[in-house]
Student: 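Sending over a structure as C-alpha cells; questions will come in a sec.
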Amino acid sequence: MSVPTAVSMSEADYLAFERASAQKHEYYNGQVYAMTGAKATHNLIVGNTLAALHRQLRTKPCQVYPSDMRVKISQTGLHTYPDIVVVCGTPMFSDKSQDTLLNPLMIVEVLSASTERYDRGMKFQHYRTLESLTVYLLIAHDHPHLEYFARQEQGLWMLREATELTQTLEIEALGCSLSVADVYEKVVFEGEGSVPS
C-alpha cells in the first residue's frame with residue numbers, strides 16, 4: 001500500500017469514487033490508497049501467466065480475470081486488485097455491478113521492489129481469511145522464481161517453489177499446470193538476454 005488519501009471514506013463512497021476514477025485504488029479501514037502503474041516486465045509476466053491459465057481452463061467451469069477485477073476480503077474489509085484472479089464455479093460479487101469478486105479460488109501476484117513486502121506479508125494475511133482461496137502464487141519479476149502456496153487441512157499452507165525454466169508447477173486445485181518457461185517467455189532480465197521461447 002502507498003500513502004492513503006487525506007479523506008476517510010465509507011465503503012459505499014469508495015465504490016462510487018472508484019467506479020468513476022481512471023486510476024485504481026485499494027481501500028482498507030476507511031482509507032483509499034492509490035496504486036502505482038506496473039512496468040513492462042511485470043505486465044509481460046502477468047500476460048504470459050494469464051494466457052497459460054486461460055488456455056488450460058477455457059473448457060472448465062473457471063474464469064480467469066486480469067488485474068481490473070477488484071476483490072473484496074469480506075472478513076477484513078480490504079478491497080484490492082490482484083494481478084490475476086481465478087474463480088471456479090459461480091462467481092460471487094458484492095453487488096449487481098459485478099466488479100467486486102468475493103470468492104476467488106486462486107490469486108496471483110507478480111512481485112516488485114515496491115510491493116514485495118506487502119504481497120508477502122499483510123496482503124497475504126488478508127487473503128488467507130478468504131474461505132474460497134486455496135492457491136496463492138507469487139512470481140518474481142527479476143529472476144525465475146515461482147512460490148506456490150496451497151491451503152491444506154486445518155488452515156495450514158504448503159509452499160512449493162520453482163526456480164528453473166525447465167520446471168513445471170502442478171496446480172491441483174485447478175487441474176492444470178504452469179511452466180516456468182511459459183511464465184517468463186520473452187522476459188529480459190537485467191544484464192541478460194531474453195528468456196528463450
Student: Looking at every heavy atom in both Tyr136 and Asp119, which two are closest together, and how far apart are they?
Tutor: OH-O, 2.8 Å

Student: If we ignore hydrogens and angles and just use 3.5 Å, is the side chain of Ser132 paired with the main-chain N or O of Leu105 as donor and acceptor?
Tutor: no

Student: Ignoring hydrogens and angles, tell me if any N or O in the side chain of Glu147 forms a donor-acceptor pair with the backbone of Leu159 under 3.5 Å.
Tutor: no

Student: Using modelled atom types and a 3.5 Å cut-off, is there a donor and acceptor pairing between side-chain atoms of Tyr27 and backbone atoms of Met9?
Tutor: yes

Student: Quick check: are there more than 12 heavy atoms from other residues, nucleotides or ligands sitting under 6.0 Å from CZ of Arg117?
Tutor: no

Student: Using the test salt bridge (charged side-chain N to carboxylate O under 4.0 Å, His left out), find all partners of Asp142 that sit at least two apart in sequence or belong to another chain.
Tutor: none

Student: Would you indicate whether the side-chain heavy atoms of Met69 and Phe93 approach each other to under 4.5 Å?
Tutor: yes

Student: Give a yes/no verdict on a cation-pi contact between Arg128 and Phe124, requiring under 6.0 Å between NZ or CZ and the six-membered ring centre and an angle within 45° of the axis.
Tutor: yes

Student: Of Arg70, Glu11, Lys72, Glu18, which meets side-chain hydrogen bond (donor to acceptor under 3.5 Å, both in side chains) against Thr100?
Tutor: Arg70

Student: Looking at OG1 of Thr49 and CD of Glu109, how far apart are the two atoms once the value is rounded to the nearest 0.5 Å?
Tutor: 12.0 Å

Student: Between Thr41 and His141, does any side-chain donor sit less than 3.5 Å from a side-chain acceptor?
Tutor: no

Student: Can you tell me how far the CZ atom of Phe149 sits from the CZ atom of Arg120, to the nearest 0.5 Å?
Tutor: 6.5 Å

Student: Would a line drawn from the ring center of Phe189 to the ring center of His143 be shorter than 6.0 Å?
Tutor: no

Student: More than 12 heavy atoms of other residues, nucleotides or ligands under 6.0 Å from CD of Gln23: yes or no?
Tutor: yes

Student: Under 4.5 Å side-chain heavy-atom separation, chaining through any Ile, Leu, Val, Met, Phe, Trp or Tyr, what else clusters with Leu102? Say none if it is isolated.
Tutor: Met92

Student: Surrounding CD of Glu161 (heavy atoms of other residues, nucleotides or ligands, distance under 6.0 Å), is the total greater than 12?
Tutor: yes

Student: Please answer whether the main-chain N or O of Glu164 pairs with a side-chain N or O of Gln167 as donor and acceptor at a distance below 3.5 Å.
Tutor: yes

Student: Would you say Asn103's side chain and Pro91's backbone share a donor-acceptor pair under 3.5 angstrom?
Tutor: no

Student: Please answer whether the main-chain N or O of Ala34 pairs with a side-chain N or O of Glu26 as donor and acceptor at a distance below 3.5 Å.
Tutor: no

Student: Sorted by first residue and then second, give each disulfide bond (SG atoms under 2.5 Å apart) pair with at least one member in residues 24-129; sequence neighbours left out.
Tutor: Cys62-Cys88

Student: Looking only at atom types and distance, does a side-chain atom of His79 sit under 3.5 Å from a main-chain N or O of Gly77, one as donor and one as acceptor?
Tutor: yes

Student: Has the side chain of Arg151 got a donor or acceptor atom that lies under 3.5 Å from a matching backbone atom of Leu156?
Tutor: no

Student: May I ask you to check whether His25 and Phe17 place their ring centres under 6.0 Å from each other?
Tutor: yes

